[in-house]
Amino acid sequence: MFEIFDCYGAVMSKGKKRIIEALAGKLNKKRDWYHQARERISGEEFKSFQKSLNASLQSSLDTTANAIDAQLQPWNQKITGQLQELEKMNTLFHKTIARSCFLTAMLGFLLVLGITIGAWGLTKVMSNRVSDLETQQDTCKPA
């Protein structure tokens with residue numbers, strides 16, 4: 001083992017050595033206890049600080065989110081109003097397009113119907129005319 005010297009450089013007796021070793025053991029135990037207590041307190045303080053910091057951060061985030069919401073509210077209302085106006089215009093546009101398509105189709109149908117009736121009428125008139133001419137021709141023929 002090692003020799004323990006007193007403050008004057010003389011080798012100590014076994015009794016003094018035992019006392020010093022016992023005191024060193026007690027000091028080591030006390031140092032370990034203080035070290036564990038310091039770690040436990042530091043851990044508790046850290047957890048407390050962490051909770052406090054999280055609460056503070058959450059409060060800051062809530063405040064920021066509320067401020068952003070308050071600033072965006074007028075824009076949101078304006079955009080919502082414009083969107084509703086666009087939806088009304090879109091509905092009106094679709095109705096107008098549907099109406100103009102219907103009117104164009106109806107005009108085309110009536111035009112085709114008019115041409116068909118006109119052609120049929122002209123064919124009927126010509127047919128009657130041909131029949132009249134044939135009848136006249138038959139009456140004018142010497143038999």
Side-chain angles (χ1 to χ4, degrees), residues 1-140:
M1 201 145 175
F2 57 92
E3 301 257 344
I4 299 178
F5 296 94
D6 64 4
C7 59
Y8 300 109
V11 178
M12 290 190 183
S13 66
K14 290 186 178 184
K16 285 182 181 180
K17 283 184 185 179
R18 274 190 240 132
I19 291 172
I20 290 176
E21 287 174 357
L23 287 174
K26 285 182 181 181
L27 283 174
N28 286 336
K29 285 181 184 179
K30 200 163 217 175
R31 183 191 54 173
D32 291 343
W33 181 83
Y34 280 126
H35 181 67
Q36 290 173 354
R38 187 182 71 220
E39 284 183 3
R40 186 179 63 243
I41 291 171
S42 295
E44 290 171 1
E45 286 178 1
F46 178 74
K47 287 178 184 177
S48 174
F49 176 71
Q50 184 180 18
K51 286 179 183 179
S52 172
L53 184 61
N54 283 341
S56 176
L57 287 174
Q58 187 62 44
S59 174
S60 296
L61 285 174
D62 291 342
T63 302
T64 304
N66 290 338
I68 290 171
D69 284 344
Q71 288 180 354
L72 291 180
Q73 192 65 28
W75 288 70
N76 188 19
Q77 291 173 350
K78 184 177 180 181
I79 289 172
T80 301
Q82 289 176 349
L83 183 61
Q84 289 173 349
E85 187 177 325
L86 283 174
E87 286 175 349
K88 287 177 186 177
M89 290 174 64
N90 189 28
T91 303
L92 182 63
F93 177 73
H94 282 289
K95 287 179 181 179
T96 304
I97 293 294
R99 187 179 315 135
S100 69
C101 287
F102 175 73
L103 292 176
T104 304
M106 187 58 78
L107 180 64
F109 174 72
L110 291 175
L111 187 63
V112 169
L113 184 64
I115 291 171
T116 303
I117 291 174
W120 177 79
L122 186 61
T123 305
K124 197 67 166 161
V125 167
M126 295 299 271
S127 174
N128 287 340
R129 183 89 170 141
V130 168
S131 291
D132 288 344
L133 286 174
E134 284 178 350
T135 307
Q136 281 180 359
Q137 187 182 9
D138 285 344
T139 55
C140 289

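- D62 and Q58 form a side-chain donor-acceptor contact under 3.5 Å, judged by distance and modelled atom types alone.
- The distance from atom CG of L113 to atom CE of M106, rounded to the nearest 0.5 Å, is 10.5 Å.
- Contact annotation: the side chain of Q136 never approaches that of D132 to less than 4.5 Å [non-hydrogen atoms, C-beta and beyond].
- Listed for the S59 side chain is no donor-acceptor partner under 3.5 Å among the backbone atoms of A55.
- Taking OG1 of T135 as the reference point, atom CD of Q137 lies at 9.5 Å (rounded to 0.5 Å).
- Using a distance-only test at 3.5 Å, with no hydrogens or angles considered, a donor-acceptor pair links the side chain of S60 to the main chain of S56.
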Side chains of residues 90-105: which donor-acceptor partners sit under 3.5 Å, not counting sequence neighbours?
{"from": "N90", "atom 1": "OD1", "to": "H94", "atom 2": "NE2", "distance (Å)": "3.0"}
{"from": "T91", "atom 1": "OG1", "to": "E87", "atom 2": "O", "distance (Å)": "2.9"}
{"from": "T96", "atom 1": "OG1", "to": "L92", "atom 2": "O", "distance (Å)": "2.8"}
{"from": "S100", "atom 1": "OG", "to": "T96", "atom 2": "O", "distance (Å)": "3.4"}
{"from": "S100", "atom 1": "OG", "to": "I97", "atom 2": "O", "distance (Å)": "3.0"}
{"from": "T104", "atom 1": "OG1", "to": "S100", "atom 2": "O", "distance (Å)": "2.7"}

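- The distance from the CG atom of L133 to the CG atom of D138 is 11.0 Å, given to the nearest 0.5 Å.
- Under a 3.5 Å cut-off, the side chain of S52 and the backbone N or O of S48 do not form any donor-acceptor pair.
- Environment of CD in E85: sparse, with no more than 12 heavy atoms of neighbouring residues, nucleotides or ligands closer than 6.0 Å.
- Among residues two or more places apart in sequence or in another chain, the side chain to side chain contact (heavy atoms under 4.5 Å, CB included) test is passed with L57 by L53.
- In this structure, N128 CG and T123 OG1 are separated by 11.0 Å, a value rounded to the nearest 0.5 Å.
- Counting heavy atoms from C-beta outward, Q36 and R40 have side chains that stay 4.5 Å or more apart.
- Rounding to the nearest 0.5 Å places OG1 of T80 at 9.5 Å from CD of Q82.
- Considering CH2 of W33 and CG of N28, their distance stands at 15.5 Å, rounded to 0.5 Å.
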